[in-house]
Amino acid sequence: MKILIIEDEAKTADYLANGLVEAGYSVDCASNGVDGLHMARESAYDLILLDVMLPEMDGWTVMQRLRSHSRTPVLFLSARGTLEDRLRGLGLGADEYLVKPFSFAELLARIRIILRREQPQANAQLLCLDDLQVDVDKHRCERGGVRIALTNQEFRLLVCFLQHTEQVLSRTFLASRVWDMNFDSDTNVVDVAVRRLRQKIDDPFPVRLIHTVHGVGYRCEREA
Ligand code: CA
């Protein structure tokens, strides 16, 4: 597993690199946004740790340019910790946003979760949430024991939701995962598809599982 660290503070970069190497990952480092983006384009990484305040090109721009052609998981690591910052990072398609100072143990745990999520779902063909069950192999969806017929696109959208439960998913993220569309593409198509999916898996049932996060996107979870 190969991780790219894009971080301009040498001390933080060293600390991260040493810890990750010790944990068994191989690591490359870039100290500014331009080099980082270049390296991300030239080599295949399993994960990118991305700082926000970087010389030459900030982390937001790196993220935006990266997502126009790549789905490599990105974890923002930033001293900027307002809700607005975190939503911005996730809205740009980052998988996780951790605020500095952070505990290394937590960083490692989050990295493992992201990498596990990215692996082919060899042993997890059955995705469940509340009374909803999706068998990925058999392309079958049931809720409360009732079989629900979905189009291929609706099915891919639902699987994407179930693979990222309790996370806010931006329209851009959904578009890139489900439709293979670029960042700048029209994301209205996502809203239309989500509405159709809801009509099938949510509307007939008392508990809603797909929630709108205004101004950001959607979240799939069983709300308490
Ligand atoms: Ca910085």
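All ligand and atom numbering here is 1-based and tracks the order in the structure.
- The one candidate from Ile111, Asp46, Ile48 that meets the side-chain contact (heavy atoms from CB on, under 4.5 Å) condition with Ile3 is Ile111.
- Note on ring orientation: taking the six-membered ring where Trp is involved, the planes of Phe173 and His164 are perpendicular (angle over 60°, cut-offs 30° and 60°).
- Taking the six-membered ring where the residue is Trp, Phe161 and Tyr218 present perpendicular rings, their angle passing 60° and hence far from 30°.
- The existence of a salt bridge linking Glu96 and Arg110 is confirmed by a sub-4.0 Å separation between a basic side-chain nitrogen and an acidic carboxylate oxygen.
- For a distance bound of 3.0 Å, the N, O or S atoms of Glu7 include none lying that close to the Ca ion (ligand 1).
- With a cut-off of 3.0 Å, the Ca ion (ligand 1) has no N, O or S atom of Thr12 in range.
- Asp51 has its closest N, O or S atom to the Ca ion (ligand 1) at the position named OD2.
- The Ca ion (ligand 1) sits nearest to atom OD1 when only the N, O or S atoms of Asp8 are considered.
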